[in-house]
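Below is one structure, written out as structure tokens, with a few remarks after it.
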There are 4 protein chains.
Amino acid sequence: MFTLDTRSRIPIYEQLIDQLKKLMMRDVMQVDEQLPSVRSLAQELTINPNTIQKAYRELEREGFIYSIPGKGSFVAPFQIDANKERLEMLKQDLEKIVSEILFLGGSKDELIEMIEKVKVAEREDKHD
Amino acid sequence: MFTLDTRSRIPIYEQLIDQLKKLMMRDVMQVDEQLPSVRSLAQELTINPNTIQKAYRELEREGFIYSIPGKGSFVAPFQIDANKERLEMLKQDLEKIVSEILFLGGSKDELIEMIEKVKVAEREDKHD
Amino acid sequence: MFTLDTRSRIPIYEQLIDQLKKLMMRDVMQVDEQLPSVRSLAQELTINPNTIQKAYRELEREGFIYSIPGKGSFVAPFQIDANKERLEMLKQDLEKIVSEILFLGGSKDELIEMIEKVKVAEREDKHD
Amino acid sequence: MFTLDTRSRIPIYEQLIDQLKKLMMRDVMQVDEQLPSVRSLAQELTINPNTIQKAYRELEREGFIYSIPGKGSFVAPFQIDANKERLEMLKQDLEKIVSEILFLGGSKDELIEMIEKVKVAEREDKHD
DNA sequence: GTGGTCTAGACCACT
DNA sequence: GTGGTCTAGACCACT
């Protein structure tokens with residue numbers, strides 16, 4: 001269910017965050033569904049529970065999940081729905097912009113290059 | 001200077017339009033510089049002058065070039081500058097949106113796929 | 001239905017455009033009604049299909065008609081309605097202005113002379 | 001200098017007003033120049049002095065002339081200049097509107113017809 | 001059948 | 001020389 005690359009420059013907890021977000025945004029994990037417990041997931045992925053903890057804490061801070069002490073962590077309902085809507089809107093905006101850029105003489109390669117750049121910049125932002 | 005694919009489903013005159021736009025937007029062709037004449041370019045690319053005409057006519061309609069009968073066709077000044085500014089603005093908008101999409105769990109592959117889709121859709125729009 | 005003057009300095013495709021616009025704006029051709037096919041009209045008027053194509057293409061670009069390859073060309077709904085409204089507004093503006101010009105000592109002949117001038121200028125604009 | 005049609009439905013004093021306005025707007029009569037006296041003009045045109053008086057009174061009311069009792073009537077300076085500027089602006093507006101009407105499928109004859117209509121309506125307005 | 005693209009080549013007005 | 005218009009006719013994808 002998770003593919004982690006321990007040799008990547010991207011911290012494992014961020015890899016976890018990204019993958020959990022994707023699972024939730026794509027409805028693989030349903031709203032209010034319980035996430036694997038910190039300990040069980042740590043064991044399964046053979047990584048330190050603290051790393052899982054760090055990922056869960058960040059996801060909660062961003063509103064994607066909520067944690068009930070003594071019970072576990074769960075997919076947050078409103079945030080996910082709001083984000084899905086937001087994502088749809090963003091994709092529509094993106095389509096219009098990409099369309100106009102191509103019309104104005106921008107190339108597909110230029111666009112892809114920029115996406116790569118943004119992706120890297122995002123990582124660096126987080127580490128600043 | 002031009003690479004045309006006569007077997008492509010994209011009409012030759014559109015391939016020409018795209019490439020001329022890129023040359024102008026990237027300053028390979030300067031403002032007010034004369035474009036090759038309809039006839040000379042037709043001869044050089046071994047395609048019919050009418051096809052060049054069609055491309056030039058469309059570029060003029062879009063404001064990228066201006067044609068003076070009896071003199072020639074030239075790179076339009078204001079339109080190109082305006083479009084370059086517009087392109088910069090669009091790229092900045094795009095960066096913000098891509099950044100937010102990635103944050104919300106969108107993947108790079110998803111974005112690239114969408115760019116491909118838009119690119120195809122644009123072609124089809126023109127042919128509908 | 002059409003009166004074309006092949007000896008006129010106004011290109012045949014422009015004469016066609018003007019007359020088709022008038023037919024549509026005056027409801028002789030209804031919204032969504034199919035226009036004569038490129039080939040049939042060419043045969044009827046004994047001019048080349050390419051010339052009809054050029055007129056239809058321009059009308060489509062201006063939003064007066066829409067063409068579906070394989071089906072035909074049709075009177076565009078919204079654009080025609082919008083243009084009719086626009087035309088009404090323009091006529092009302094014109095009345096006010098003409099009224100004021102006459103009041104200020106302008107003469108009818110002066111106004112008619114100006115209309116002629118604009119009409120010629122329009123043609124030249126297109127041909128510059 | 002004046003052409004009056006006594007058989008016209010348009011009152012003579014209005015014919016006078018129109019012609020005097022034209023003379024002033026076209027600089028045939030200069031600013032501050034004295035107009036012919038009521039009596040002399042009446043004699044010259046063999047019409048009643050009251051009719052001239054009525055025309056002068058209306059022109060003064062509209063600001064085109066000013067009368068000094070005991071001296072005579074004169075072309076008003078600022079009003080004429082302001083009106084000339086206004087007339088120029090109106091003509092430019094008119095050109096744009098006529099141009100757009102022709103583009104949208106309006107015909108020259110339609111425009112001329114409308115000018116006639118406005119001209120008649122103006123007369124009727126004054127008599128209401 | 002329909003519109004869209006393209007070739008080959010003529011003629012025009014204008015520089 | 002330049003762009004603009006037009007003819008005659010072929011081929012394409014799609015209905």
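Quick note on labels: first sequence line is chain A, next is B, and so on, each numbered from 1.
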[X] side chain near [N] phosphate (N/O to OP1/OP2, under 4.0 Å):
{"X": "C:Tyr13", "N": "F:dT5", "result": "yes"}
{"X": "C:Thr51", "N": "F:dC6", "result": "no"}
{"X": "B:Ser67", "N": "F:dG3", "result": "no"}

Give the rounded distance in Å between these two atoms: [atom1] of [X] and [atom2] of [N].
{"X": "C:Gln15", "N": "F:dC6", "atom1": "CD", "atom2": "C1'", "value": "13 Å"}
{"X": "B:Arg7", "N": "F:dC11", "atom1": "CZ", "atom2": "P", "value": "19 Å"}
{"X": "C:Tyr56", "N": "E:dG4", "atom1": "OH", "atom2": "P", "value": "11 Å"}
{"X": "C:Asn48", "N": "F:dC6", "atom1": "CG", "atom2": "P", "value": "10 Å"}
{"X": "B:Ile12", "N": "F:dC11", "atom1": "CD1", "atom2": "P", "value": "16 Å"}
{"X": "B:Leu16", "N": "E:dT7", "atom1": "CG", "atom2": "C1'", "value": "15 Å"}
{"X": "C:Arg61", "N": "E:dG4", "atom1": "CZ", "atom2": "P", "value": "14 Å"}
{"X": "C:Glu60", "N": "E:dG3", "atom1": "CD", "atom2": "P", "value": "11 Å"}

Problem set entry | Residues in ring pair (Phe, Tyr, Trp, His ring centres under 6.0 Å) contact with C:Phe74, at least two apart in sequence or another chain | C:Tyr66
Give me each pair satisfying salt bridge (charged side-chain N to carboxylate O under 4.0 Å, His left out) with a member in [range], each pair once, sequence neighbours excluded.
{"range": "residues 31-43 of chain B", "answer": "none"}
{"range": "residues 87-99 of chain C", "answer": "C:Lys91-D:Glu110, C:Glu95-D:Lys117"}
{"range": "residues 43-53 of chain C", "answer": "none"}

Applying side-chain contact (heavy atoms from CB on, under 4.5 Å), can you list everything that pairs with [X], at least two apart in sequence or on another chain?
{"X": "B:Gln43", "answer": "none"}
{"X": "C:Asn50", "answer": "C:Asn48"}
{"X": "B:Glu58", "answer": "B:Ile17, B:Arg61, B:Glu62, C:Arg57"}
{"X": "A:Lys108", "answer": "A:Ile112, B:Ile115, B:Glu116, B:Lys119"}

Seminar exercise, completed: Out of F:dC6, E:dT5, F:dT5, minimum distance to the side chain of B:Lys54 belongs to E:dT5
Exercise. With sequence neighbours left out, what residues match C:Ser8 under side-chain hydrogen bond (donor to acceptor under 3.5 Å, both in side chains)?
Worked result: none
Looking at [X] and [Y], what are the two nearest heavy atoms and their distance?
{"X": "C:Met24", "Y": "C:Ile80", "answer": "CB-CD1, 3.7 Å"}
{"X": "B:Thr3", "Y": "B:Gln19", "answer": "O-NE2, 2.6 Å"}
{"X": "C:Val31", "Y": "C:Ala76", "answer": "CG2-O, 4.2 Å"}

Exercise. In dot-bracket, 5' to 3', how would DNA chain E read with Watson-Crick or G-U wobble pairs under 3.5 Å, [ ] for crossing ones and | for pairs to another strand?
Worked result: ||||||||||||||.
Exercise. Does the base of E:dG9 carry an N or O that pairs as donor and acceptor with the side chain of B:Asn50 under 3.5 Å?
Worked result: yes
Could you list the protein-to-nucleotides 13-15 of chain E atom pairs, N/O on both sides, closer than 3.5 Å?
unit_1	atom_1	unit_2	atom_2	d
E:dT15	O4'	B:Gly70	O	3.3

For this session: Could you list by number each residue of residues 33-46 of chain C showing a heavy-atom separation from DNA chain F of less than 4.0 Å, or answer none if no residue does?
Result: C:Arg39
